[in-house]
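First comes the structure, then the notes that go with it.
By convention here, the first residue in the shown sequence is residue 1.
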Amino acid sequence: MKKDIHPKAVPTKIIYQGKVVMETLSTRPEIHVDVWSGVHPFWTGEERFLDTEGRVDKFNKRFGDSYRTNRKK
């Protein structure tokens, strides 16, 4: 490896809402994040199916049963 071309890694604190949630190495001493895996619904198992825009109803209204009967097998 070539010398003196890589940035220096320093201990880093990952901060979420004013609390340190993780420590790692990076080129910055602090990183502030909006979302992290400890609160994201996908990773906490609280993921919910939301059809807020009525996408299924909109699809059924547009294509109806013709989608099921005309598809290739």
- Grab the two heavy atoms, one from V10 and one from T12, that are nearest each other, plus how far apart they are. O-OG1, 3.1 Å

Show every donor-acceptor pair shorter than 3.5 Å between a side-chain atom in residues 22-31 and any protein atom, with sequence neighbours excluded, or say none if there are none.
residue	atom	partner	partner atom	Å
E30	OE1	H32	NE2	3.4

- Message: Please find the pair of heavy atoms, one from V21 and one from Y16, that lie closest to each other, and give the distance.
- Response: CG1-CB, 3.9 Å

- Transitive ILVMFWY cluster of V20, excluding itself - 4.5 Å side-chain cut-off: I15

